Amino acid sequence: MQRQHRLGAAARISEVHRRGRSVANGLLVMRVLPNGLDRSRFCFVTGKRVGKAVVRNRVKRRLREVVRNSAPAPGWDTVLIARKGAGDADFKQLERAVHNLIRRTRLNAPPAPAEGQDGMRDAAK
RNA sequence: CGGACCGGCCGGGUGGCCGCCGCGAGCGAUGGUCAGAAACGGCUAUUGCCUCGGGGAGGAAAGUCCGGGCUCCACCGGACGGGGUGCUGGGUAACGCCCAGGCUCCGGCGCGGGUAACCGGGCCGGGGACGGAAAGUGGCACAGAAACAUACCGCCGGCCCGUUUCUGGCGAGCCGGCAAGGGUGAAAUCGGACGGUAAGAGCGUCCGGCCGCGUGUGGCGACGCACCGGCGGCCAAACCCCACCUGGAGCAAGGCCAAAUAGAGGGACCAUGGGUGUCCGGCCCGUCCCCGGGUUGGCCGCUUGACCUCAGCGGUAACGCUGGGGCUAGAUAGAUGGUCACCAUCCGCUUCAUGCGGAUACAGAACCCGGCUUACAGGCCGUUCGGCGUU
RNA sequence: CGGGGUGUAGCGCAGUGGCUAGCGCGCCACGUUCGGGACGUGGAGGUCGGUGGUUCGAAUCCACUCACCCCGA
């Protein structure tokens, strides 16, 4: 995942976390918010309850790989939070979980124009 | 051949496909600049769903228990205080680490002395926070007479009384001597034997133990040996004393750029500097601390270092010196991966071979090193010890 | 990166190196009541987070270690 697809700024992350739509299943929580850009950005959160450092890194790497292969539509900022069981799940299980969330958030389509107004301010940067 | 202890080393491999982060080169784009009439171009900076080459986690990267380098702040020097270390010598940038040695404790083997209890030294292996208890303060529960200056039961001598009468025995009391025996305890004035004595005692002798800022001697030293003198404990991981070390903070150190906001805010001006042409005065800047507000973007620091490796030399060793060769991660919410196939190892089931299924430890760099500690599937090498088999 | 704290019965906490480690709530049994609560009496329940050391003796002192919590930049 290249740098331009990363979501780094802490303020923007908490904005997505606060105002974005939220969808979850047993392994993951996903929050999305339109960003008004021609690309999508992602942020992966693996808290301490997921496991030790090795496990947390592995989960993040697998999630990045899944998102890369899923080729979602541009225009979204996404925060993907791993839940407690994600450390024990294998790659296939995580893949199914992410695809499930993408379908439910309609992330494979660009945001509707009315909805897209929301992130324009931030996108000016 | 298999086992135990100790020490050292390694810690999955190969190949597809799809990715990520640095570095170098090429190509393209954009900006600046140079030369030129212009085109073509040179240099430089930035950049890329671009192409190629090459690199990309550990022995513990971990815990953060010590020690340094580096950076900023403070600083005339010293003392006190605080903290740390604690046998000796060496190694090192330094250490609470490492090496060698001393002493001491434990285990094993065999030896000597002694009637015995027991004691001594030798070899091999392992452990030790191992300065001072004759500077002072304090503590040692319960038990016990007594836990630091003590005598309960006792033993012995003298006096006196009673009883019996054999100059003696038994019993009670008083005065004095003793610390051997009993008993208590974790610990009771050095242990054992003999002599000695009224009874006794290191009072003396022998075999040992321990202490000494006593003498000699060997050793750089811890300390050893011999002689001499002596023999009331234990605790300093209790306070303490002694010797040595020690300024504070940490890469979010620290510096630069950009953006943004709000400072006529409060305090200190000791020292220093600038402007007003010069000197004095005045004025304006300025410096430091606190409070309030803004920014939480980019670059440097950032990886060539007490580095790795090979050879020679010095040293018992830790390690050092000299010479040759090598460059080996630099991310910034954090890259070093995902998946498939085959092999390797282990486990389970099945089996003539074999096949099937599962698992592959501990664990993820964040400024960098030297140690310590802790976690760890499996494998390799070496020393010592004893076992089995064969010659 | 730096600093601090906690761990003792099911829960919340005490505990000058020395007797069988205590207190409150809870739990169990019995009494009381028609029954329950309250009350009374009795009782059970502890590797003192772990390992090692100092000491005659350790929950307490020391070292290492594990888990959790808090604070600062």
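Just so we're clear, the structure is a prediction, and the values are computed from it rather than from any experiment. Letters A, B, ... are given to chains in the order of the sequence lines, protein chains preceding strands, and every chain is numbered from 1.
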Exercise. Relative to the 5' end of RNA chain B, which residue comes earlier, A:Lys60 or A:Asp90, by the nucleotide with the nearest heavy atom?
Worked result: A:Lys60
Exercise. Are any side-chain N or O atoms of A:Arg41 and backbone N or O atoms of A:Thr78, one a donor and one an acceptor, separated by less than 3.5 Å?
Worked result: no
Exercise. Quantified in whole Å, what is the P atom distance between nucleotide B:C223 and nucleotide B:G89?
Worked result: 11 Å
For this session: For B:A57, measure the glycosidic angle (O4'-C1'-N9-C4 for a purine, O4'-C1'-N1-C2 for a pyrimidine) and name it syn if it falls within 90° of 0, otherwise anti.
Result: syn
Problem set entry | Ion pair check, A:Arg62 and A:Glu65, cut-off under 4.0 Å | no
Problem set entry | Interatomic distance at C1', B:G96 relative to B:G84, whole Å | 9 Å
Exercise. How many angstroms lie between atom CZ of A:Arg31 and atom CG of A:Leu80, to the nearest 0.5 angstrom?
Worked result: 11.5 Å
Exercise. In whole angstroms, how far is the C1' atom of B:G337 from the CZ atom of A:Arg56?
Worked result: 18 Å
For this session: Could you list the residues that satisfy side-chain hydrogen bond (donor to acceptor under 3.5 Å, both in side chains) with A:Arg104, not counting sequence neighbours?
Result: A:Asn100
Exercise. For atom C1', what is the distance between B:U278 and B:A258, given to the nearest Å?
Worked result: 42 Å
Exercise. In Watson-Crick or G-U wobble terms, both distances under 3.5 Å, what is the partner of B:G232?
Worked result: none
Seminar exercise, completed: Between CG of A:Leu80 and C1' of B:A333 the distance, given in whole Å, is 15 Å
Exercise. Taking a pair as Watson-Crick or G-U wobble with both distances under 3.5 Å, which nucleotide is matched to B:U33?
Worked result: B:G42
Problem set entry | B:A331 and B:U46, which share atom name P, separated by this distance in whole Å | 16 Å
Exercise. What distance, rounded to whole Å, do you find between the two C1' atoms, one in B:C124 and one in B:U384?
Worked result: 9 Å
Problem set entry | Whole-angstrom distance between B:C235 and B:C231, as gauged at atom P | 23 Å
Exercise. For B:U345, which nucleotide in any strand shown is its Watson-Crick or wobble partner with both distances under 3.5 Å?
Worked result: B:A359
Seminar exercise, completed: Classified by glycosidic angle (syn within 90° of 0, else anti), B:U304 comes out anti
Exercise. Closest approach of A:Arg83 and A:Gly26, non-hydrogen atoms and distance?
Worked result: CD-O, 3.8 Å
Side-chain donor-acceptor distances from residues 85-93 of chain A under 3.5 Å, at least two apart:
from: A:Asp90; atom 1: OD1; to: A:Lys92; atom 2: N; distance (Å): 3.2
from: A:Asp90; atom 1: OD1; to: A:Gln93; atom 2: N; distance (Å): 3.0
from: A:Gln93; atom 1: OE1; to: A:Asp90; atom 2: N; distance (Å): 2.9

For this session: Take the protein atom CD of A:Gln93 and the nucleotide atom P of B:U339, then report the distance between them rounded to whole Å.
Result: 12 Å
For this session: Can you tell me the distance, in whole Å, between the CZ atom of A:Arg62 and the C1' atom of B:A335?
Result: 17 Å
For this session: With a 3.5 angstrom cut-off on both distances, give the Watson-Crick or G-U wobble partner of B:C109, or none if there isn't one.
Result: B:G122
Seminar exercise, completed: If pairing means Watson-Crick or G-U wobble with both distances under 3.5 Å, then the partner of B:A135 is none
Exercise. Under 4.0 Å between a side-chain N/O of A:Arg61 and OP1 or OP2 of B:G364, yes or no?
Worked result: no
Problem set entry | Distance, P atom - from B:A79 to B:U303, rounded to whole angstrom | 44 Å
Exercise. Which base sits across from B:C70 as a Watson-Crick or G-U pair, both distances under 3.5 Å?
Worked result: B:G250
For this session: Check step by step if side-chain contact (heavy atoms from CB on, under 4.5 Å) holds for A:Val79 and A:Phe42.
Result: CA-CA 6 Å; A:Val79 175; A:Phe42 297 89; over 6 Å; no
Exercise. Mind telling me whether B:G382 is syn or anti, cutoff 90° either side of 0?
Worked result: anti
Exercise. Residues in salt bridge (Lys or Arg N to Asp or Glu O under 4.0 Å) with A:Glu95, at least two apart?
Worked result: none
Seminar exercise, completed: Taken to the nearest whole Å, CG/A:Asn57 to C1'/B:U332 is 14 Å
Problem set entry | Non-hydrogen atoms of A:Leu28 and A:Ala82 that approach each other most closely | CD2-CA, 4.0 Å
Exercise. What's the CG-P distance between A:Leu63 and B:A333, to the nearest Å?
Worked result: 18 Å
Problem set entry | Contiguous pairing runs of three or more, Watson-Crick or G-U under 3.5 Å, that involve RNA chain C | C:1-7 with C:66-72, C:10-13 with C:22-25, C:27-31 with C:39-43, C:49-53 with C:61-65
Problem set entry | Nearest-0.5 Å distance that lies between atom CG in A:Leu94 and atom CZ in A:Arg58 | 10.5 Å
Please list, pair by pair, any protein nitrogen or oxygen found under 3.5 Å from a nitrogen or oxygen in nucleotides 360-363 of chain B.
from: B:A363; atom 1: OP1; to: A:Lys52; atom 2: NZ; distance (Å): 2.8

Problem set entry | Close side-chain approach of A:Asp77 and A:Val32, heavy atoms under 4.5 Å | no
Exercise. How far does the P atom of B:C210 sit from the matching atom of B:C103, given to the nearest Å?
Worked result: 13 Å
Problem set entry | A:Ile102/A:Met30 under side-chain contact (heavy atoms from CB on, under 4.5 Å): CA gap, chis, key distance, verdict | CA-CA 9 Å; A:Ile102 287 177; A:Met30 183 181 271; 4.3 Å; yes
For this session: Determine which nucleotide pairs with B:C280, using a 3.5 Å limit on both distances of a Watson-Crick or G-U wobble pair.
Result: none
Seminar exercise, completed: To the nearest 0.5 Å, atom CG of A:Leu63 lies from atom CD1 of A:Ile81 at 11.5 Å
For this session: Could you check if the base of B:U303 is syn or anti? Syn means the glycosidic torsion is within 90 degrees of 0.
Result: syn
Exercise. Taking atom OG1 of A:Thr46 and atom NZ of A:Lys60, what is their separation to the nearest 0.5 Å?
Worked result: 4.0 Å
Under 3.5 Å, which protein N or O atoms sit close to an N or O of nucleotides 16-18 of chain B? Give each pair with its distance.
from: B:C18; atom 1: O2'; to: A:Arg68; atom 2: NH1; distance (Å): 3.2
from: B:C18; atom 1: O2'; to: A:Arg68; atom 2: NH2; distance (Å): 3.3

Problem set entry | B:G204 - base-pair partner by Watson-Crick or wobble geometry, distances under 3.5 Å | B:C194
Exercise. Does B:G202 adopt a syn or an anti glycosidic conformation, taking syn as a chi angle within 90° of 0?
Worked result: syn
